Amino acid sequence: MWPFRRKAPPRTDVFEAQEAKRAATTDLEKVESQTEEVRQIVNSLERRRIKNNFGDALVIAMEARK
């Protein structure tokens with residue numbers, strides 16, 4: 001009588017995709033919350049590398065003199 005069709009129930013792969021999206025969103029939020037901590041560690045390591053970068057001076061000092 002009416003030209004409307006019944007909507008088919010969503011397929012299970014749609015539910016799986018939605019669950020995967022939720023899990024990915026949760027993981028992204030967790031990673032983004034660690035951004036400041038990561039920046040602090042990187043900056044600390046860069047400062048340490050700069051302070052301890054005397055390798056070239058050692059190579060020059062230990063070279064055999066001609």
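As the structure is a computational prediction, the values presented were derived from the model and not from experiment.
At least one side-chain heavy atom of E36 sits under 4.5 Å from a side-chain heavy atom of R39.
Summarising the geometry, atom CG belonging to D13 is positioned 10.0 Å from atom CD belonging to Q18; distances are rounded to the nearest 0.5 Å. Note that CD of E32 and OG1 of T25 are 10.0 Å apart. Values are rounded to the nearest 0.5 Å.
Salt bridge status for R22 with E19: present, with a side-chain N to carboxylate O gap under 4.0 Å.
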